[in-house]
Protein chains: 2
Amino acid sequence: MPRTRADVARTDKLDEIVEAARGRLVDGGYGALSVADIARQLGVAQNAIYWYFPTKDHLLVAAVEGILHDILDCKPKRGAAVDRVLWFAERLHEFQDLRLTIRERARSSEAVAAFERNVVGLLRLLLVNSLSEVATPDHIDDAADAVMALCEGVLLRDISAAHRRRLLRFGIERLLGPESTV
Amino acid sequence: MPRTRADVARTDKLDEIVEAARGRLVDGGYGALSVADIARQLGVAQNAIYWYFPTKDHLLVAAVEGILHDILDCKPKRGAAVDRVLWFAERLHEFQDLRLTIRERARSSEAVAAFERNVVGLLRLLLVNSLSEVATPDHIDDAADAVMALCEGVLLRDISAAHRRRLLRFGIERLLGPESTV
DNA sequence: ACCTGAACACCGTTCAAGT
DNA sequence: ACCTGAACACCGTTCAAGT
């Protein structure tokens, strides 16, 4: 939370950069994210961006952080466990392309790798919470991991939304047991 | 199968390029795959590569095709269904990084997109075959898709081999039913 | 058919210099 | 603290020209 005028200005400029990055990222993925191009759009020198972000991958992290925050920023659905997981999978689906970008960039950037660990932990936590009453405590970790893997694996495929839901339903009911539909 | 001397020479040069590409790809992923760099290594002009491959992504496909072929080129394991799937998952694990590269590049290259469809179909077929006796025919498609999604999702995570096997075992047994361990 | 030389239009990143 | 100008060392791809 900024206090001085300078801090406000700094935050504004930072936001401007991140917003531009988000636009590029949502439209065309990592390949469309260009520091030089963003600088051009904002009317500053290329290296001006480097005052705020030491590296392109740091900018990537900031942008993805914002996007993910917006995706998760809505009240989770209520209902049977299977429906809550399906809702979770829908959110994950919106994030899937960037999830893979993060995974790829984590190879060469420690900053992205650290961010990826945070993201996976966060998503897993959300899933565990929504499963707490349906899985027995001694199986909840494996169940959450398996369901999350199923979601991510299903989302990896380029199939129709209906097929996706059918597959997830099939898998979730078997992974969580019959009480998941209550 | 080449007949003339010219064809032999052509195949040799093609192989040389693809081998160089495979090396870069295995070592450092897509980021380390550089047409210019390969040309440098082979001692030819950069654009010489473009006589054989119209685009960097076509070279990528050729290289990944070879790598995948080598990975799958060993007799599948025999035993209980769960063990066969675990063996399959091990093969998939070796391929996982490139699987994601393919997925990413498929966005901007139709050649890669077509190749991805082939790969997914092939892997799915291998899995269905090894599940044919354990799943009932009316569920075999969903079961294969769910197991494959589970595998790919598990492999997406950066966890230990032991944790990976435990998760897969947990998931497979539930997705395929108790008869999968026979 | 196969390859070279040279260029084009980009990149991410860095350095010295300005205010 | 914040930004510019200019450069460095790369890219993928294309074109005209050679053999």
Side-chain angles (χ1 to χ4, degrees), chain A residues 2-18 20-21 23-25 27-64 101 104-112, chain B residues 2-18 20-21 23-25 27-64 101 104-112:
Chain A
R3 304 282 300 283
T4 73
R5 267 260 310 255
D7 281 347
V8 173
R10 177 170 229 278
T11 306
D12 282 354
K13 283 176 200 166
L14 244 159
D15 283 353
E16 221 177 18
I17 298 172
V18 174
R24 300 290 198 281
L25 222 42
D27 279 9
Y30 188 77
L33 178 64
S34 156
V35 175
D37 206 33
I38 289 173
R40 217 145 31 212
Q41 176 189 331
L42 301 183
V44 296
Q46 300 193 39
N47 46 5
I49 311 287
Y50 285 84
W51 181 257
Y52 299 92
F53 297 96
T55 217
K56 180 182 172 177
D57 284 309
H58 285 82
L59 174 56
L60 170 70
V61 166
V64 174
T101 299
E104 167 80 24
R105 292 308 306 162
R107 277 176 160 223
S108 28
S109 162
E110 178 49 40
V112 180
Chain B
R3 304 283 300 282
T4 73
R5 266 260 311 256
D7 280 347
V8 173
R10 177 168 228 280
T11 307
D12 283 355
K13 282 176 201 167
L14 244 159
D15 283 354
E16 223 177 17
I17 297 172
V18 174
R24 299 291 199 280
L25 222 42
D27 280 10
Y30 189 76
L33 178 64
S34 157
V35 175
D37 206 33
I38 289 173
R40 217 146 30 213
Q41 176 189 331
L42 301 182
V44 296
Q46 300 193 40
N47 46 6
I49 311 287
Y50 284 84
W51 181 257
Y52 299 92
F53 297 96
T55 218
K56 180 182 174 179
D57 284 309
H58 286 82
L59 175 55
L60 170 72
V61 166
V64 173
T101 299
E104 167 79 24
R105 291 309 306 164
R107 276 175 160 224
S108 29
S109 162
E110 178 49 41
V112 180

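Note that these values count all heavy atoms, side chains included, but never hydrogens, waters or copies made by symmetry. Since the structure is predicted, the reported quantities are computational estimates derived from the model, not experimental observations. Each chain gets a letter, A, B and so on, in the order the sequences are listed, and its residues count up from 1.
Within the 4.5 Å cutoff, side-chain heavy atoms of B:Y52 are placed close to those of B:R10. Residues B:Q46 and B:V35 fail the side-chain proximity criterion, which asks for heavy atoms closer than 4.5 Å. The side-chain heavy atoms of A:F53 and A:V18, taken from C-beta on, include a pair separated by under 4.5 Å. A 4.5 Å side-chain heavy-atom check between B:L60 and B:T55 finds every atom pair outside the cut-off. Between B:L59 and B:K56 there is no side-chain heavy-atom pair separated by less than 4.5 Å.
Residues that satisfy the salt bridge (charged side-chain N to carboxylate O under 4.0 Å, His left out) test with B:D12, not counting sequence neighbours, are absent from this structure.
Look at B:W51 and you'll find a side-chain N or O under 4.0 angstrom from OP1 or OP2 of C:dC2. OP1 or OP2 of C:dA1 has not a single side-chain nitrogen or oxygen of B:R10 nearer than 4.0 Å. Residue A:R40 has a polar side-chain atom (N or O) positioned under 4.0 Å from OP1 or OP2 of C:dC11.
Whole-Å rounding puts the A:Y52 OH to D:dA1 P distance at 12 Å. Spacing between atom CD1 of A:I38 and atom P of C:dC11 amounts to 10 Å, rounded to whole angstrom units. Between the CZ atom of A:F53 and the C1' atom of D:dC2 there is a distance of 15 Å, rounded to whole Å. Across the protein-nucleic acid pair, A:R24 atom CZ and C:dC10 atom P stand 13 Å apart, rounded to whole Å. In this structure, A:Y30 places its OH atom 11 Å from C1' of C:dC11, rounding to the nearest Å.
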Distances for protein N or O near nucleotides 12-16 of chain C N or O, under 3.5 Å:
unit_1 : atom_1 : unit_2 : atom_2 : d
C:dG12 : OP1    : A:V35  : N      : 3.2
C:dG12 : OP1    : A:K56  : NZ     : 3.1
C:dG12 : OP2    : A:V35  : N      : 3.2
C:dG12 : OP2    : A:A36  : N      : 3.1
C:dT13 : OP1    : A:T55  : OG1    : 2.8
C:dT13 : OP2    : A:Y50  : OH     : 2.7
C:dT13 : OP2    : A:K56  : N      : 2.9
C:dT14 : O4     : A:N47  : ND2    : 3.4
C:dC15 : N4     : A:N47  : ND2    : 3.2

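Here the closest non-hydrogen pair linking B:L42 and B:I17 is CD1-CG1, 3.8 Å.
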Reading 5' to 3' and counting Watson-Crick or G-U wobble pairs with both distances under 3.5 Å, write the dot-bracket notation for DNA chain D, | for bases paired outside the strand. ||.|||||...|||||.||

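Here A:L33 contributes atom CG and A:D27 contributes atom CG; the two are 11.5 Å apart, rounded to the nearest 0.5 Å. Here OH of A:Y30 is found 13.0 Å from CZ of B:R107. Values are rounded to the nearest 0.5 Å.
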